[in-house]
Amino acid sequence: MLKINQVSTRIAGITVLRKIQTEFKAGSLLAVVGRNGAGKTTLLRVVMGLIPSTEGTLEFDGDDITTQPGYMRSGLGIGYAPEDRVMFPTFTVEENLRLPCDVLGLSKAEIDHRLERTLVVVPQLKEMLPRSGSALSGGQGKMAALGRALMAGTRLVLLDEPFQGLAPVLANQYAESLRRLRDMAPELCVVVTESNRSLLRDLPDDTLTLERGELTHASDAAGAH
Ligand SMILES: Nc1ncnc2c1ncn2[C@@H]1O[C@H](COP(=O)(O)OP(=O)(O)OP(=O)(O)O)[C@@H](O)[C@H]1O
Ligand SMILES: [Mg+2]
């Protein structure tokens, strides 16, 4: 679905991603594991179109999207939950969830339908809907950010360190949501970054390691493939 071909990115003169070569495939949950500063957030932001790549190409369903801006990528069905969550504080949680779809100009019926599905995947969001985006705890904010990513991300969902700092009960609920998502949307590709791979439990089908901007296939090193 999404091919990343030899993508490099420099920020402020420093090479942050080096010749990344991989494919995000439909129907898989892919983990990208790397230490602090390895480039995980940068990789997701480049895929989302929020940071330009300085070299290489991105292909979505065979189309070159390298220079496409972020809003067009959400139109392709790519959703993103940033590690800092960012809910708009003056909007309710429901408005925050609907916003990406409103921006895309989707019909009310389609947005209602997506919200309904999202609430099946993340049922904890139901009671949060009328609350202000600023009234959530850190863990609740992560659930809301997952919900918002699912509203736009019908093909590919990018989750940046979702388990980091989550209390155990919420981490269990989050993992359950990802399992439910897999049952409800078997063709979806979910990419999850984490610095501590044990937080991901047995969720990933495949794990890539990012080290100082270079991506390697963890299972290659282990000789599993
Ligand atoms: N706006 C920026 N200006 C300068 N350097 C940056 C900027 N954004 C990222 N970097 C550098 O790029 C590298 C990768 O950062 P990135 O945030 O992608 O890593 P990360 O793997 O997400 O780290 P963390 O686990 O801390 O979230 C780091 O060395 C960081 O200092
Ligand atoms: Mg990061």
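One-based numbering, in listed order, for ligands and for the atoms of each. Just so it is clear, the structure is predicted and the values come from calculations on it, not from any experiment.
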Heavy atoms of other groups near Arg131 CZ, more than 12 under 6.0 Å: yes

Within less than 4.0 angstrom of ligand 1, does Ser195 place any heavy atom? no

Atom 5 (N) of ligand 1: which protein heavy atom is closest, and how many Å away? Ile11 CG2, 4.0 Å

Kindly check if the number of other-residue, nucleotide or ligand heavy atoms within 6.0 Å of CZ (Arg180) is above 12? yes

Glu83 contact mode with ligand 1 (heavy-atom cut-off under 4.0 Å): side chain

By atom name, which N, O or S atom belonging to Glu83 lies closest to the Mg ion (ligand 2)? OE2

What is the closest protein heavy atom to atom 14 (C) of ligand 1, and at what distance does it sit? Gly37 O, 3.3 Å

Out of Val157, Leu44, Leu159, which one pairs with Val191 under the side chain to side chain contact (heavy atoms under 4.5 Å, CB included) rule? Leu44

Distance (rounded to the nearest 0.5 Å) between Ser134 OG and Asn96 CG: 9.5 Å

Mark yes or no for whether Lys40, through its side chain, and Gly34, through its backbone, hold a donor-acceptor pair below 3.5 Å. yes

Side chains of Thr57 and Gln6: donor-acceptor distance under 3.5 Å anywhere? no

Pick whichever of Leu43, Leu17, Val33, Thr42 has a heavy atom sitting closest to atom 18 (O) of ligand 1. Thr42

Taking everything shown except Arg35 itself, do over 12 heavy atoms lie less than 6.0 Å from its CZ? no

Which heavy atom of the protein is the closest neighbour of atom 22 (O) of ligand 1, given with residue, atom name and distance? Thr41 OG1, 2.7 Å

I'd like to know if Gly34 contacts ligand 1, where contact means a heavy-atom distance under 4.0 Å to any ligand atom. no

Under-4.0 Å heavy-atom contact between protein and atom 28 (C) of ligand 1: yes

Between Asp205 and Ser28, is any side-chain donor less than 3.5 angstrom from a side-chain acceptor? no

Return yes or no for this condition: an N or O of Ala12 is under 3.5 Å from an N or O of ligand 1. no

Atoms in ligand 1 flagged as close to Arg35, the criterion being non-hydrogen separation under 4.0 Å: 21 (O)

A side-chain contact here means heavy atoms from C-beta on lying under 4.5 Å apart; do Glu194 and Val32 qualify? no

In the protein, which heavy atom is nearest to atom 19 (O) of ligand 1, and how far is it? Gly39 N, 3.2 Å

Protein heavy atoms near atom 25 (O) of ligand 1, is at least one of them under 4.0 angstrom away? yes

Below 4.0 angstrom, N of the basic side chain to O of the carboxylate: do Lys19 and Glu55 qualify? yes

Using 2.8 Å as the threshold, say whether any N, O or S atom from Thr41 sits that close to the Mg ion (ligand 2). yes

Using heavy atoms and a 4.0 Å limit, tell me yes or no: is Glu161 in contact with ligand 1? yes

Using a 4.0 Å heavy-atom threshold (strictly under), name the region of Val16 that reaches ligand 1: side chain, backbone, both or neither. side chain

